[in-house]
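Down below is the structure, laid out as structure tokens.
Both counts, for ligands and for their atoms, begin at 1 and track the order of listing.
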Amino acid sequence: MAGEVRYISTRGGKSVSCFEAVVSGIADDGGLYVPDAFPQLPPLEDLAGLDYRGLALTVMGSFLPDYGTDGMKQCVEAAYDEKFDHPKIAPLFKKDSFFFLELFHGPTLAFKDMALSVLPHLLKKASQALGNEKKIVILTATSGDTGKAALEGFADVEGTEIIVFYPKNGVSRIQERQMVTQEGENTHVVGIEGNFDDAQNGVKAIFADQGLKSALYDDGYVFSSANSINIGRLIPQVVYYVYSYLQLLKNKEVNAGQNINFCVPTGNFGNILSAYYAKKIGLPVGRLICASNINNVLYDFFETGVYDRNRELYATSSPSMDILVSSNLERLLYDISGQDPDIVKNLQEGLNSTGKFKIGTDMMGRLEDFYGSYATEEDTARAIGDAFKKMGYLIDTHTGVGFDVYRKYIEETGDRAKSVVVSTASPFKFPDAVIEAIGGDSQAGDQMDLLHRLSEISGNPVPLRIENLSRLAVRHNTVCRAGDMKNQVTEILKPGGARR
Ligand SMILES: *Cc1c(COP(=O)(O)O)cnc(C)c1O
């Protein structure tokens, strides 16, 4: 299925190679890179015998042709190995009539590992191929999951340094512990006296600081980003959608060619966009069910065609979906506008200046693949409780949002097509909310007690990665004011500085 796919910005201009798209992350005009044509999957029967790595090689290789078979094989093999605690990497489970695709078997117990375990290798190879001799510095602000997954992915990857800023009092206890115990000589973790927005704004200011940029360039460094605007994070996610279909085929749950639906707990719109891309390359997909929590900007968009970020941001029990601007929606807008960069530019300008935009009826008409709904906090807790009581299956809060919305979808549409609910985090990552949802008391005992209680109730062991957290030494204890982030970066990267 090789073809010469190249990448173009959603806001127009010339195409670039996949290497350039991966290294730059975002286009110079502020647009996002998208493939200029979609490769097509070989017949599904021909893929049926492949394991996860074999499939990843085929699918990622077709989107990112410049790596070549050997280069892509090295990336895939370095990524999808024993770091994952399940041999299938992305196993599919049937519970009653429901299917759950578990994407949390990687090192940080959330789905971001699926892409962030391979992105560092893609980035390193692309950078080398482009003749870049500078060290790549990954700067990330995190509200919890992305930072840890990026740290794990980049730890000890040659030619890279990674610096993660997190709000000192704005992440869960487990998330903080995961980050401050991070190993790897090239990893740096700094707490901020402020909230996630402060950390994010600080990182944006550093990226925009031309003086700092050129000083560091002279010292041998270039900045890059590991968030989901990078096409190198989206393409690896297409793989598990195809893989889940192959598992359904193997188990004779579907016949080749039969449409299935995916229900995806959504924040930045990256995961569900990958499902859409899977459909574009020929996977038989019916509806894409977009599940939001009460930060339901996307639900409103699918209902009315109006995207409006002018509203309060609520902190929910599914924090990785607490988001008002879903960056990857721009890639969908590009597609449903008939690949028209002028339309995209107009809509994004509206979003920047007034915080909202409205699409036309023709574009609305091309959204039929999507269905949007949302779960309140009560809905989410009920879905977790029901999954546990009725099926003996423990799900986390993000997956709880997905399961609730999937049940709403069936009720509303009567569509009984086989559907896969995407399970994005381990329930052990959010023990307080999960314990309460299944009728327990989260106030009794410390975090470890909670985890062991969750283990007893569910009959599932506490994942070793979490169990061991209390025994790992704290390696990062720097805390700074948000206004001091730039100095921290300079300090870490200066010759003889914290960089080892
Ligand atoms: C990041 C995240 C999401 C949202 O994924 P997007 O690609 O941003 O839509 C959902 N669940 C979990 C656990 C996450 O970490």
Side-chain angles (χ1 to χ4, degrees), residues 32 90 100-117 119 140-153 166 171-172 174-175 178-179 196 200 225-238 240-241 262-278 288-293 295-299 301-302 313 316-332 370 372 374-375 380 383-384 395-405 421-431 433-434 463:
L32 306 188
F100 291 87
L101 179 65
E102 291 189 355
L103 301 180
F104 55 76
H105 290 279
T108 77
L109 310 174
F111 99 96
K112 297 199 171 58
D113 289 326
M114 300 302 297
L116 279 165
S117 52
L119 179 69
T140 301
T142 186
S143 58
D145 283 341
T146 301
K148 176 60 183 179
L151 285 163
E152 276 293 326
Y166 73 96
V171 300
S172 82
I174 288 185
Q175 287 172 323
Q178 280 185 312
M179 289 191 278
F196 171 64
Q200 172 123 28
S225 149
N227 71 25
S228 69
I229 53 174
N230 193 319
I231 192 74
R233 269 194 57 186
L234 286 182
I235 302 303
Q237 296 174 174
V238 177
Y240 49 73
Y241 288 104
F262 288 109
C263 177
V264 188
T266 297
N268 214 15
F269 209 73
N271 201 357
I272 195 167
L273 189 81
S274 294
Y276 181 69
Y277 279 9
L288 296 166
I289 302 162
C290 177
S292 304
N293 63 27
N295 297 296
N296 56 3
V297 193
L298 287 165
Y299 162 73
F301 172 69
F302 288 122
L313 176 68
T316 72
S317 58
S318 45
S320 300
M321 297 159 61
D322 292 345
I323 194 161
L324 293 181
V325 179
S326 301
S327 318
N328 278 295
L329 189 67
E330 180 166 344
R331 289 184 160 113
L332 180 65
F370 288 88
Y374 68 96
T380 304
I384 296 171
I395 57 179
D396 95 297
T397 46
H398 302 76
T399 312
V401 170
F403 187 45
D404 174 69
V405 164
V421 176
V422 175
S423 183
T424 52
S426 159
F428 287 95
K429 208 165 179 180
F430 302 93
V434 172

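Side-chain contact annotation: Ser327 with Asn268, donor-acceptor N/O pair under 3.5 Å present. Between Asn271 and Ser274, the side chains place no donor N or O within less than 3.5 Å of an acceptor N or O (distance only, hydrogens not considered).
For ligand 1, the 4.0 Å heavy-atom shell takes in Phe111, Lys112, Asp145, Pro265, Thr266, Gly267, Asn268, Phe269, Gly270, Asn271, Ser320, Met321, His398, Thr424, Ala425, ordered by chain and residue number.
Atom OH of Tyr166 has more than 12 neighbouring heavy atoms from other residues, nucleotides or ligands inside a 6.0 Å radius.
To the nearest 0.5 Å, the span separating CZ on Phe403 from OG on Ser423 amounts to 11.5 Å. Note that NZ of Lys112 is 15.0 Å distant from CD of Glu152, once rounded to the nearest 0.5 Å.
In terms of the salt bridge (Lys or Arg N to Asp or Glu O under 4.0 Å) criterion, residue partners of Glu330 (sequence neighbours excluded) are, by chain and number, Arg11.
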